[in-house]
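Here is the structure we will look at, set down as structure tokens.
Within every chain, numbering begins at 1; the chains are lettered A, B, ... in the order of the sequence lines, protein sequences first and strands thereafter. No experiment lies behind these values; they were computed from the predicted model shown.
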Amino acid sequence: MAIFVDENTRVVVQGITGKEGQFHTRACIAYGTRVVAGVTPGKGGQLMDGVPVFNTVVEAVRATGANSSMIFVPPPFAADAIMEAADAGVDLIVCITEGIPVLDMLKVITFLRGKDVRLLGPNCPGVISPGVCKLGIMPGIIHKPGGPIGVVSRSGTLTYEVVDQLTRKGFGQSTCVGIGGDPVHGISFIDCLRGFEHDPETQGIVMVGEIGGSAEEEAASFIRENLTKPVVGFIAGVTAPPGRRMGHAGAITSGTSGTASAKIAAMEDCGLHVCKNLAGLGDLCETVFAALR
Amino acid sequence: MKIHEYQAKELFRAADVATPHGHVAFSVAEAVIHAESLGGYPVVVKAQIHAGGRGKGGGVKLAHSPDEVKSVAAAILGMTLVTKQTGSAGKRVEKILVEQGLDIHSELYLAILPDRETASIMIMASTEGGMDIEAVAAQTPERLMKVRVNPLAGLQPYHLREIGFGLGLAGKSFKSFGALLQGLYDLFIQYDCSLVEINPLVVTGAGDVVALDAKMDVDANSLYRHPDIVAMRDETEEDPLEVEASKANLNYIKLDGNIGNMVNGAGLAMATMDIIKQAGGSPANFLDVGGGASAAMVEEGFRLIFRDERVKGVLINIFGGILRCDVLAEGVVQAARKVDMEIPVVVRMEGTNVERGREILQESGLNLITAVDLADAAAKVAAIVAQGE
């Protein structure tokens, strides 16, 4: 078991013939992901490493039964690509693209309401159920299959660091989800936490947040009210200067809101095991998850 | 991306958002000519810098005659303005806005911004104009109206009525406000703003509603479709190293500390800064070279860090996924050979091709300190800090 992606995931890659699209499609296939189709408008009928390419997502879905999409198209065309995938009827859309204008994303999120589809990202590394399915750009090799830890994060390489420390301590992962660094995005911490709570393979959770917005505070309250599994929390950006955008479009404080200290306080109030120094995250997990190994 | 008040007001006028008449001036003589053209006194002389809080810092003055314009403009132009947003170093004033003075009946607050929590467009309005709006939100939240607009449907007449009546407006000023808010909303959408804010928005004695101030921030992700905004960029408002970094496609923010650092990925970069702090140092910068950095970009990043004279040590932390460790190592070695490396550099890398990366560093013969993991890196940074004390 895992959340969001498993052995039944059949992937269509939007932007499959681009440089990024090709590179990561190959890595996903090598990991064992079932990539069944690609889409590049105007290149329908071609093959990319044996994967059939279509002009539209709806054609790709009809011909191959794809149920998930991974998007690598550049920012000016990404909002269109997400809505196209949603209307083509896939269940999960993973948008890797970084740099989509916020107003485009406001429209996309509003458009998706009421539709039976999950959007992960944009500006995210994707999702991996180790040993089973990788739908994203993370290095597969650092992951350890079999659970029992679920990881959810707003970041990319910071997630890899966390996963690497878990693996080195002998903890496998059920699913690792990067929800993305943009201020307006799809799946939230809470969606992932709910999934992990219901997933029998997941016995403990690591949640990695950063400055900006209030998603971590909301997630902390949700954990206190709804979760039975232990959660280790980490927040990046204690030393970030106020009012500056720290690389991620969403990583910016505004006055007293969105600060690391407020998020850490909320996590502690809600009973999370808060890691204060990333270098010691593995050690903390060893203590908190001692009974799970 | 921030633009100046005078630039925002030019865009306001084009969008039918009423502003006082005014012109930007770069010299005292120009200021006097503009003041005379406005058709009467008093006029207002306003320092044009990106930071807020200009009035309290002495950057906004009233003038009742050409002579007073001369003295006020001379005092403001060239002054180093210190506000709560500039930091203690302040900001040198290079240009001023000369505007007609208005007969102010009351002051309001109006802003439009994306609301990340609800994925809608939020209009904020208050009768408490001219105040610090964060303080209003904290102390008297009932006086701060928040109206959310569906981004697909756009602004509707009922939104205008809800906010206009909510502000206690009636008659001429109600109509004038409605027209202004519609114009402002259209402008917000047209330019992909991350914020438009008018504080204060004034009702004049004659009942007109006018934007006395104008703040506009454009979503950096949207700049590809707004070349006119890109042309408004004022590099003198930015740190010179940050300008240079942005030209090399590096995400660099200068900070006040003594330990330089270079990391791939924004989240890991923030966490690395935090580790430096906990090791007893203080980060000199934020530098995210990104997931797909080339050896040339790594080299450029390395050079930027070394240009900051306060840097007493450097921590390079790379988790190689897309960016391979051997590529990183090549970049570091190339850069290190070109700069005069008198300060210690700790390199911690992990991930794709890490063995080859470590070999490259080793074979280089350079004095680079290798760390095996983050805890080791933190300890080595702490040692550098201790040595400097």
Side-chain angles (χ1 to χ4, degrees), chain A residues 20 23 75-76 99-107 109-111 125 137-139 141-142 153-161 164-165 168 181 183-184 208 210-215 218 234 236-241 243-251 255-256 260 276-280 283, chain B residues 85 114-117 119-121 134 137-138 150-153 188-189 192-194 219-222 224-225 251 253 255-257 263-278 282-283 286 288 290-292 318-323 350-352 373-379:
Chain A
E20 300 267 303
F23 179 84
I100 305 176
V102 172
L103 291 193
D104 288 6
M105 281 314 300
L106 292 181
K107 287 182 186 159
I109 298 295
T110 307
F111 175 85
I137 60 174
M138 64 289 283
I141 188 146
I142 59 173
S153 167
R154 275 168 69 183
S155 183
T157 51
L158 176 54
T159 319
Y160 312 161
E161 174 68 38
D164 188 58
Q165 289 193 33
R168 280 169 196 274
V184 179
V208 182
E210 62 190 32
I211 57 162
S214 59
E218 288 154 23
F234 176 77
V238 175
T239 53
R244 297 296 305 266
R245 182 172 125 151
M246 305 301 287
H248 286 156
T256 51
K276 299 278 179 64
N277 187 329
L278 183 61
D283 292 337
Chain B
Q85 287 182 14
D115 182 30
R116 57 197 284 174
E117 321 300 347
S120 60
I121 292 164
E134 286 246 343
N150 179 313
L152 291 177
F188 176 89
I189 299 294
D192 280 284
C193 295
S194 40
D219 177 7
N221 283 353
S222 76
Y224 70 86
R225 57 192 180 200
N251 223 324
I253 294 174
L255 301 171
D256 293 332
V263 187
N264 65 328
L268 190 59
M270 281 188 274
T272 303
M273 284 164 47
D274 297 348
I275 284 172
I276 289 169
K277 177 89 175 180
Q278 283 177 332
S282 165
F286 166 89
D288 167 17
I318 302 288
F319 204 106
I322 312 171
L323 171 60
E350 194 52 68
T352 314
D373 60 20
L374 266 187
D376 188 28

inquiry  = Check this for me: Leu152(B), atom CG, are more than 12 non-hydrogen atoms of other residues, nucleotides or ligands nearer than 6.0 Å?
reply    = yes
task = Examine whether an atom of Asn150(B) lies under 4.5 Å from a heavy atom of chain A, and if so say whether it belongs to the side chain, the backbone or both; otherwise answer neither.
result = side chain
query = chain B heavy atoms under 4.5 Å from Phe111(A): which part of the residue, side chain, backbone, both or neither?
reply = both
query = For the residue pair Leu255(B) and Pro241(A), what are the closest heavy atoms and their distance?
reply = CD2-CG, 3.4 Å
remark   = Here the gap from Glu117(B) atom CD to Glu218(A) atom CD, rounded to the nearest 0.5 Å, amounts to 5.5 Å
task = Could you tell me which of Ile109(A), Ile142(A), Ile137(A), Leu278(A) has the largest number of non-hydrogen atom pairs under 4.5 Å with chain B?
result = Leu278(A)
ask   = With a 4.5 Å heavy-atom cut-off, do Val102(A) and Ser194(B) have their side chains touching?
value = no
request  = Give the minimum heavy-atom separation between Met270(B) and Ala251(A), together with the two atoms involved.
outcome  = CE-CB, 3.8 Å
key: Close side-chain approach of Gln278(B) and Val238(A), heavy atoms under 4.5 Å   = no
key: Proximal component of Arg154(A), with respect to chain B [non-hydrogen, under 4.5 Å]   = side chain
ask   = With sequence neighbours left out, what residues match Asp104(A) under salt bridge (Lys or Arg N to Asp or Glu O under 4.0 Å)?
value = Arg225(B)
query = Which answer fits Ile100(A), side chain, backbone, both or neither, if we ask what part of it has an atom under 4.5 Å from a heavy atom of chain B?
reply = backbone
message = Under 4.5 Å from any heavy atom of chain B, what part of Thr159(A) do you find: side chain, backbone, both or neither?
response = neither
Heavy-atom contact with chain A under 4.5 Å, split by part of Phe286(B) = side chain
Arg244(A) (side chain) donor-acceptor with Ile253(B) (main chain) under 3.5 angstrom = no
ask   = Highest number of heavy-atom pairs under 4.5 Å with chain B: which of Gly243(A), Ala240(A), Gly250(A)?
value = Gly250(A)
task = Please report the shortest heavy-atom distance between Glu350(B) and Asp164(A), naming the atom on each side.
result = CG-OD2, 3.8 Å
Residue pair Leu106(A) / Pro151(B): nearest heavy atoms and the distance that separates them = O-CG, 3.6 Å
ask   = Which region of Pro125(A), side chain (C-beta onward) or backbone (N, CA, C, O), has a non-hydrogen atom less than 4.5 Å from a non-hydrogen atom of chain B, or is it both or neither?
value = neither
key: Backbone of Phe319(B) reached by a side-chain donor or acceptor of Thr157(A) within 3.5 Å   = no
remark   = If one checks every heavy atom of Glu20(A) against chain B at 4.5 Å, the contacting part turns out to be neither
ask   = For Asp219(B), is it the side chain, the backbone, both or neither that has a heavy atom under 4.5 Å from a heavy atom of chain A?
value = side chain
key: Test item: Phe188(B) and Leu103(A) side chains (from C-beta on) under 4.5 Å apart, heavy atoms   = yes
request  = Locate the shortest heavy-atom distance separating Gly247(A) from Asn251(B); write the atom from each residue and the value.
outcome  = CA-ND2, 3.4 Å
Contact winner vs chain B - Pro76(A), Pro139(A), Ser155(A), Gly212(A), heavy-atom pairs under 4.5 Å = Pro76(A)
task = Side chain from CB out, backbone as N, CA, C, O: work out which of these in Ile189(B) comes under 4.5 Å of a heavy atom of chain A, or both, or neither.
result = both
key: Max heavy-atom pair count under 4.5 Å with chain B, selected residue of Gly156(A), Pro75(A), Gly213(A)   = Gly213(A)
Ala220(B) to Arg245(A) - nearest heavy-atom pair and separation = CB-NH1, 3.9 Å
ask   = Of the backbone (N, CA, C, O) and the side chain (C-beta and beyond), which part of Pro101(A) lies under 4.5 Å from a heavy atom of chain B, both, or neither?
value = both
request  = Heavy-atom pairs under 4.5 Å with chain B are the metric here; pick the option from Gly280(A), Ser214(A), Gly181(A) that has the most.
outcome  = Ser214(A)
remark   = Answer key: most heavy-atom pairs under 4.5 Å with chain A among Leu374(B), Asp115(B), Ile275(B), Asp274(B) is Asp274(B)
request  = Would you mind checking which part of Thr239(A) comes under 4.5 Å of any heavy atom in chain B, side chain (CB onward), backbone (N, CA, C, O), both or neither?
outcome  = both
ask   = Measuring heavy-atom distances to chain B, does Glu210(A) have an atom under 4.5 Å in its side chain, in its backbone, in both, or in neither?
value = side chain
note = Okay, Thr272(B) and chain A: the region with an atom under 4.5 Å from a heavy atom over there is neither
